[in-house]
Structures are given as structure tokens and as C-alpha cells.
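Following: one structure in C-alpha cells, then a few remarks.
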Amino acid sequence: MSTVHIPNLIGGEEVAGDGLERYNPADPAELVAVAPASGTEAVGAAVTAAAAAQPAWAALPAPARGAILLDAAEILRGRHEEAARDLVREEGKTLPEARGEVRRAIDVLRFFGSEGWRLGGQVLPSSLPDTMVHTRREPLGVAGLITPWNFPIAIPAWKMAPALISGNTVVLKPAELTPLSTRHLTQALVRAGLPAGVLNVVHGTGAVVGEALVCDPRVAAVSFTGSTTVGMRIERTVQERRGRVQVEMGGKNALVVLDDADVEQAARIAVAGGFGLTGQACTASSRVICTPGVHDDFVAALIKEAARFRPGDGLADGTLMGPVVSKQQLATVTAAIERARSEGATFAAGGEAPEELMLAPTVLTGLDRGSAAAREEIFGPVVTVLQAADLEEAIDLVNDSRYGLAAGLCTRNLAAAQRFAAGVRVGVVKVNRPTTGLDLNVPFGGVGDSSSNTFREQGAVAVDFYTWSKSVYLGWNG
Ligand SMILES: NC(=O)C1=CN([C@@H]2O[C@H](COP(=O)(O)OP(=O)(O)OC[C@H]3O[C@@H](n4cnc5c(N)ncnc54)[C@H](OP(=O)(O)O)[C@@H]3O)[C@@H](O)[C@H]2O)C=CC1
Ligand SMILES: O=C(O)CCC(=O)C(=O)O
């Protein structure tokens, strides 16, 4: 396959450059994409273009803005397979996972395109005679979006679509590792007729391009997904300059398996959430908490299921798990595995040295709740199995975390499911379903160190972050 050279997009112009090279994680000899390692002046130019384009974009009726998103969805649909294959080559997920992610980006564009017909405020009674009150949603202005490599087409889509439909213009800084997937999305929007300057894309490092975007006072809102360390810094910086900020960060998501659960089903749910996407999802199940009656049977079933997730090239038939995304990410994950070894973990599966970026699914047992593997985000195919005496102790263990993104429960007991849903301090609860995999029409976000926990992403409520509310009193007579 030939290497794709990806330019920046600034004020409707493509600006070529190089400096960032992305190799296929399943085939280190294949140079997939080259993108510019931009400097701060490119960010300044992009913000200038976005600010200039914003009033006219906001003045366009919302259904007309939506029509462009709907057209972009159709254009992306026409390139679904190509985009999915590029996503595999660039990020390493399996082809079915990549097809699902591109599908999700298409559906996100459709969803928010249609929202153009529904955006509106409230009509309220006034205390005054002959007076009507209504609220209007106003766009914030320029939105700066900083996105990670693990969902390089879906996450930019679910930030960009609500920003655009509500009349904002955008400057996007995609992850260094995945410029090509994001390019499929932005090209679809440009080809659909998005006016020049409404969407600007600046490639480069987080330290240079990301930082410049976050610090630019003309950027009214910053939405970020990525690591907790970077997210918290961005949150502080934007708050200090009184901008609006939304950060979605890490998780240490637990799946609780109760004695009454269907053990085979629970093991399938655990591997889907733990090893699907190579465990590289903020919603991944990296802890499983079993009650005593089910622990040994569950671990046996989990080992059997994990064996199916032998890592391989995501484009090959039958591969259920792709490689780890990069050498740097592999170093982080193997360091966590070695730390678990030093803490006395038993390796029920995995533990061997990886070949290149192909890391075997790893199941750790015999650790307690204080161990690093039970507490820290790993972001790789590693599942730590812990024990709790009963449902209440399991809930306590789920909540014994700085994070609060997703939690799952396997049970046949409806009362236990209700108690769990009420008791866990997380943004998403899944009963008898994997912790990963969200519906695009459902609000998403976490609590604690997982999220800024103010505005939610996804679903109709996602536009709240990108708008402010104005109250209008309309009087007549007297
Ligand atoms: N919650 C989630 O969905 C994700 C969590 N992670 C977690 O983060 C860890 C590290 O992954 P990594 O990709 O380095 O995550 P980062 O948080 O570093 O990257 C996320 C995005 O932020 C950018 N960025 C990095 N530093 C800055 C900065 N100082 N100012 C503004 N933007 C910045 C990155 O750019 P660049 O690509 O150039 O570094 C990227 O676009 C993983 O091990 C995992 O634990 C990672 C990805 C997604
Ligand atoms: O599980 C999902 O569908 C979404 C995960 C996610 O948002 C992330 O990893 O950043």
C-alpha cells in the first residue's frame, strides 16, 4: 500500500508538510501516513480562519448546517471499507472493530445532522401581560478539539458534529499516531460543502500544537479525550482563562460477576470488554470482581475465552485482537505487567514477552485491592481478577478508585442489578453487557478523575457544551 501524505487544513486551503511518520503497528515496515509536525503559527492561522468563518456559519439556518453533515455521512458511507482498512493499518484494531467505528462516525454525522431540525430553546410563560419568553441556544465561537488515537474517526466525529451543528467553527488537533483515519472524516465534510474556515485541522505534537490551541484566548471551548495527566492540565489552563472545557480521561472499569451469573456468558463479556480493542479503550474492563462461589469457574472460563484472542494483524481473517498501538504504549503496558509480577500476581494467562507489538491477553489473579494492577489504568490487554465477599463489598471495591467511568455487572438477579446501578459511582453502568461499546444517542462521561463531569458527550445533550443559553422577553401592547 502506498503512503498517504496528509496536509493541514487551514481556512479551506490544504497546507502540505511532513515530520510525523506513522507506521503500521502490525507491519513496522509499512509507512502508512506522513503528516506535518506543525508549529504554533499554524495553530494561530487556523484559529484566525475559524474565527473569521464563524459568524456566517452561525447565521446559516441550523437545518442547512445539518444538511452538510448528512451529506458528509453519505460521502463517508461510500468510503466505509477504505476508511476501515486504513484505520486497521494505522491504529491496529481488527477489521470488524474498524468497520464498527467508521459506521459509528457515519451515524454520529446523521444523528447531529438531523438535530439541525430540532435545535431550539424553551418557550416559557412570563409574569407580565402580553409578553412571551423564550430561550435561544447561542454558539460559543471557535471550538478546539484534541483527540486520541484509540478511536481516531469516531471521537473526532462525536466532538465535531455537535460543535458544528450548533454554529461553532472548529480547529481540530488529531492524535499524532492516527492522522489518516481522521482525514477520512474531515475530507467527507469538506466534500459535502462545508464553507472554508469552518473546519480547520492542524497536525503536530500535543506539546506544540495541542498546547497552543489550549492557550489561545480566541478558542472559546476546548474538548479533549485522552490521558488523565494531560486532561487535568488542559482543564486547569482553560479554566484559568475562563474558557469552557470538557475533558474525558481514563478509567479503571470493573466488571462484577456474582455467584448467580451465567459463567460462560460472563467470561465472554469480560473478554469483549477486556481484550476487544486490545484493551485500549477508556471503558475497557481492566478489573473483574468475583464473589467466592463463582471465582474459580469464572477464571477457568476466562482462560478458555482469552485463548481465542491471540494477537495478530487486524486485516487477517479471524483475528480477534490487534497489536498494541505503539512501542511507547507497549512499554507502559509491559511495565504494568512486570510490576504485577513483582507484587506476586499469578499469571492465569499471558506473561510471556511479546513479539513486536503483539502482546498476548493477560489475566492476573492473586492480587489484592491495593496492588497497582487493581488500581491503575493500564490501557492494554490485561485483566486483573479480584474477589469480594458479596455484592456490597463488590460495590465498595468498584468505588475504591480515583476513576469513575464505566462499571459492569453479570447477574440474573434484577434486585442486585438495581442495587448495583444505584450504588456505583460511575458515569455508565452495563448489566450483562460489556463495559465497552456505547450507543451514540446516549449521554457519555464519567465522574472523579475520569471526566470534568460537567457537560456530557454524545446524544442530544452533547450540544449543551457547545452552546450558551440566552433568555428573550418579547412584549407587545403597553
Ligand atoms: N481516555 C481515552 O480514551 C484515552 C486514554 N489514553 C491514555 O493515555 C495514555 C497515553 O496515551 P497518549 O496518546 O500519549 O495520550 P495523551 O493524553 O497524551 O494524548 C491525547 C491527545 O492529547 C494530545 N496532547 C498530548 N499532550 C498535550 C498537551 N500538553 N497539550 C495539549 N494536547 C496534548 C495528544 O497529542 P499527541 O498525539 O501528539 O501526543 C493527543 O492528541 C494511554 O496509556 C492511556 O492510558 C490514551 C488515549 C485515549
Ligand atoms: O467504549 C466505547 O464505545 C467508547 C470508548 C471511548 O470513548 C474511549 O476509549 O475513549
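Each ligand, and each atom within it, is numbered from 1 in the order the structure gives. What you are looking at is a predicted structure, and each value in this text was computed from that prediction instead of being measured.
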Proximal protein residues to ligand 1, non-hydrogen atoms under 4.0 angstrom: Ile146, Thr147, Pro148, Trp149, Asn150, Lys173, Ala175, Glu176, Gly204, Thr205, Gly206, Gly210, Glu211, Phe224, Thr225, Gly226, Ser227, Val230, Arg233, Ile234, Met249, Cys282, Gln329, Glu377, Phe379
Run the numbers for me: atoms of ligand 2, each under 4.0 Å from some heavy atom of Ala281, listed by number. 9 (O)
Aromatic rings Trp158 and Phe444: how do their planes relate, parallel, tilted or perpendicular, breaks at 30° and 60°? perpendicular
Let's go through Leu177 and Glu91 carefully: what are the C-alpha distance in whole Å and the side-chain angles of both, what is the deciding distance for side chain to side chain contact (heavy atoms under 4.5 Å, CB included) to 0.1 Å, and is it a yes or a no? CA-CA 7 Å; Leu177 295 179; Glu91 197 263 355; over 6 Å; no
Output yes when Arg22 and Glu176 qualify as a salt bridge under the 4.0 Å nitrogen-oxygen rule, no when they do not. no
Can you tell whether the side chains of Arg183 and Glu14 come within less than 4.0 Å, N to carboxylate O? yes
Contacting atoms of ligand 2, where contact means under 4.0 angstrom from a heavy atom of Thr436: 1 (O)
Close-contact set for ligand 2 against Phe444 heavy atoms, below 4.0 Å: 7 (O)
Look at the side chain of Thr283 and the backbone N and O of Ala406, then say whether any donor-acceptor pair between them is shorter than 3.5 Å. no
Mind checking whether Phe275 and Phe309 have parallel, tilted or perpendicular rings, split at 30° and 60°? tilted
With backbone taken as N, CA, C and O and side chain as the heavy atoms from C-beta onward, which portion of Trp158 lies under 4.0 Å from ligand 2: side chain, backbone, both, or neither? side chain
Ignoring hydrogens and angles, write down the donor-acceptor pairs under 3.5 Å from the side chains of residues 38-49, residues two or more places apart or on other chains.
{"residue": "Ser38", "atom": "OG", "partner": "Asn8", "partner atom": "ND2", "Å": "2.8"}
{"residue": "Ser38", "atom": "OG", "partner": "His203", "partner atom": "O", "Å": "2.5"}
{"residue": "Thr48", "atom": "OG1", "partner": "Gly44", "partner atom": "O", "Å": "2.8"}
{"residue": "Thr48", "atom": "OG1", "partner": "Arg218", "partner atom": "NH1", "Å": "2.8"}

Determine whether the side chain, the backbone, both or neither of Glu457 has a heavy atom under 4.0 Å from any heavy atom of ligand 2. neither
The protein heavy atom nearest to atom 1 (O) of ligand 2 is Thr283 OG1, 2.5 Å
Closest to atom 3 (O) of ligand 2 (heavy atoms only, candidates Arg104, Glu248, Glu101) is Arg104
Has Arg118 got more than 12 heavy atoms of other residues, nucleotides or ligands less than 6.0 Å from its CZ? yes
With a cut-off of 4.0 Å, which atoms of ligand 2 are near a heavy atom of Gly437? 1 (O), 2 (C), 3 (O)
Has the side chain of Asn168 got a donor or acceptor atom that lies under 3.5 Å from a matching backbone atom of Pro139? no
Run down the list Cys282, Pro148, Ala406 and name the one with the heavy atom closest to atom 10 (O) of ligand 2. Cys282
Residues Glu356 and Lys327 bridged, charged N to O under 4.0 Å: no
If we only consider heavy atoms of Ile155, is any one of them less than 4.0 Å away from an atom in ligand 2? yes
Check whether any heavy atom of Gln280 sits under 4.0 Å from an atom of ligand 2. no
Arg456 (side chain) donor-acceptor with Asp464 (main chain) under 3.5 angstrom: no
